[in-house]
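One structure is given here, and the rest of the page talks about it.
Values in this document were obtained by computation on a predicted structure and should not be read as measured data.
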Amino acid sequence: MKTLNNFNFSGKKALIRVDFNVPLDDHFKVTDANRIEAAKPTIDKILKDGGSVILMSHLGRPKGVEEKYSLKHIVSKTAEVLGVPVKFASDCIGEVAEKAAEDLQPGEVLLLENLRFYAEEEKGDVAFAEKLAKLGDIYVNDAFGTAHRAHASTTIIAQFFPNNKCFGMLLAKEIESLNKVLNNSEKPVTAVLGGSKVSSKITVIENVLDKIDHMIIGGGMTFTFIKALGGNIGNSICEDDKMALALEIMEKAKAKNVQIHLPVDVVAADAFSNEANTQIVDVYNIPEGWQGLDVGPKSLEALKEVIKNSKTILWNGPLGVFELEKFAEGTITLGNFIAEATKNGAFSLVGGGDSVAAVKQFGLEPKMSYVSTGGGAMLEMLEGKTLPGIAAILS
Ligand code: AMP
């Protein structure tokens with residue numbers, strides 16, 4: 001795997017694809033600079049080597065050139081985060097960009113205008129990619145959030161740097177973390193799979209079954225399994241057409257010696273609302289008119305032991321409707337169990353969906369070994385897919 005360490009950037013211009021798709025307020029002020037901060041280690045290393053940095057990114061989903069999506073709005077924030085002045089080119093290709101890149105001196109940083117001002121970016125246009133490629137000597141991809149897209153700047157461009165392309169630190173860390181969980185893991189390995197639907201998680205489940213010892217199933221997915229096993233699930237969310245699949249998964253898990261842990265009790269509510277009445281019920285006997293919206297205390301007690309004994313933990317998807325305070329307890333408690341296991345030496349990766357939002361919301365992010373930065377990209381990696389942005393660097 002080619003990383004920054006394979007190159008000496010001294011006197012070189014690094015063309016870095018970053019993901020600076022940051023949220024802006026009504027006055028075009030950056031409200032969350034996480035993504036800029038995430039790219040800082042890569043940029044610092046190149047500048048320290050004596051290289052210069054050309055940053056390219058998208059922002060939002062503009063239709064052609066749209067002032068409100070201009071990356072000029074984030075120049076001052078980028079300079080503040082990086083601690084160095086940041087120059088700006090009002091176009092990402094052509095004369096303006098070429099002149100700015102040419103004038104760039106070692107130690108300097110240049111930010112190019114929004115790549116998506118050109119439709120060619122998302123189309124993966126080769127000629128457009130070639131124009132971008134002219135700007136730098138070494139191509140660095142550090143944009144994990146778009147690594148699952150075969151866009152011009154994330155994938156197609158790599159062919160113009162056959163020997164001068166590598167992963168940035170952020171992207172390398174994402175790949176390493178997933179590898180540590182699924183390929184080089186210390187046993188026992190536990191996957192916690194929650195979220196709303198079996199259908200959106202089936203490829204993940206099938207891909208991880210070969211690599212884990214325990215599978216904890218939670219969230220809305222639970223009820224398709226429980227109904228398939230003969231339970232009464234009341235009004236709980238269920239995919240009737242996936243019941244056979246749920247049983248098949250259980251059979252496969254058994255054949256592979258993977259222990260499946262389903263909730264035994266749930267917090268049932270008489271409405272999908274924070275104002276609902278609730279009761280703790282047996283997961284197989286949810287009364288008519290009630291729906292399971294969180295895991296219950298007995299289930300959590302059982303999960304505590306599984307998590308405590310795990311050496312590697314993957315967490316994808318919340319255990320309940322954590323967006324509603326009344327049903328967040330299960331997800332928070334599970335997060336605390338994983339934090340505790342991590343403190344005791346387990347490796348924990350949170351990624352590929354709403355569990356990342358949950359971990360952030362409940363302040364658990366620093367207590368996990370790694371929290372992925374790319375929702376869709378991590379989900380596809382968990383599904384066992386090769387991401388085009390990653391393949392383009394490896395080829
Ligand atoms: P996903 O994007 O697949 O990870 O699903 C996350 C969503 O699943 C969150 O918005 C949760 O509110 C939802 N969810 C979790 N548990 C339940 C449940 N028991 N019933 C309905 N939705 C749920």
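Note: L293 CG to F327 CZ = 4.5 Å, rounded to the nearest 0.5 Å. For the atom pair T224 OG1 and D240 CG, the distance stands at 7.5 Å (nearest 0.5 Å). A distance of 3.5 Å separates OG of S70 from CD of E113, quoted to the nearest 0.5 Å. Taking CD1 from I74 and CG from L111, the interatomic distance works out to 5.5 Å, rounded to the nearest 0.5 Å. If you take CG on N257 and NE2 on H214, they are separated by 10.5 Å, rounding to the nearest 0.5 Å. Atom CE of M381 sits about 8.5 Å away from atom OG of S177, to the nearest 0.5 Å.
A salt bridge between R116 and E122 is present, with a side-chain N of the basic residue lying under 4.0 Å from a carboxylate O of the acidic one. E340 has no carboxylate O lying under 4.0 Å from a charged side-chain N of K304, or vice versa, which leaves the two without a salt bridge. A salt bridge is defined here as a Lys NZ or Arg NE, NH1 or NH2 lying under 4.0 Å from an Asp or Glu carboxylate O, and K87 with E108 meets this definition. Using a 4.0 Å cut-off between charged side-chain N and carboxylate O, E80 and K77 make a salt bridge. Using a cut-off of 4.0 Å between Lys/Arg side-chain N and Asp/Glu carboxylate O, D137 and K13 are scored as not salt-bridged. A salt bridge does not link E248 to K254: none of the charged side-chain nitrogens sits closer than 4.0 Å to a carboxylate oxygen. Salt-bridge check for K48 with D44: failed, with every basic side-chain N at 4.0 Å or more from each acidic carboxylate O. With salt bridges taken as basic N to acidic carboxylate O contacts below 4.0 Å, one links K72 and E67.
Looking at heavy atoms from C-beta onward, V86 lies in side-chain contact with V75 at the 4.5 angstrom threshold. Residues L4 and F167 are not in side-chain contact: their nearest non-hydrogen atoms beyond the backbone lie 4.5 Å or more apart. Here the side chains of L349 and L178 are in contact, with some heavy-atom distance below 4.5 Å. Under the 4.5 Å side-chain criterion, counting only non-hydrogen atoms from C-beta, D49 is not in contact with F7.
Between F362 and F322, the ring-plane angle classifies as perpendicular under the 30° and 60° cut-offs.
When each of V140, V53, T3 is tested with T42 by the rule side-chain contact (heavy atoms from CB on, under 4.5 Å), just one qualifies, namely V140.
In terms of modelled atom types and a separation under 3.5 Å, the side chain of N141 and the main chain of T154 share a donor-acceptor contact. Q105 places a side-chain N or O within 3.5 Å of a backbone atom of D103 that can act as its donor or acceptor partner.
Under the 4.5 Å side-chain heavy-atom criterion for grouping Ile, Leu, Val, Met, Phe, Trp and Tyr, I16 is connected to L59 within one hydrophobic cluster.
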Could you check R149 against H58 for side chain to side chain donor-acceptor pair (under 3.5 Å), going step by step and ending with a plain yes or no?
CA-CA 13 Å; R149 306 277 180 234; H58 73 285; over 6 Å; no
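Remark: K311 NZ is loosely packed, at most 12 non-hydrogen atoms of other residues, nucleotides or ligands lying under 6.0 Å away. No more than 12 heavy atoms of other residues, nucleotides or ligands lie within 6.0 Å of NZ in K173, so this atom counts as exposed by the packing criterion. Environment of NZ in K12: sparse, with no more than 12 heavy atoms of neighbouring residues, nucleotides or ligands closer than 6.0 Å. Other residues, nucleotides and ligands contribute at most 12 non-hydrogen atoms within 6.0 Å of the NZ atom of K367. Atom NZ of K45 sits in a crowded spot, with more than 12 heavy atoms from other residues, nucleotides or ligands closer than 6.0 Å.
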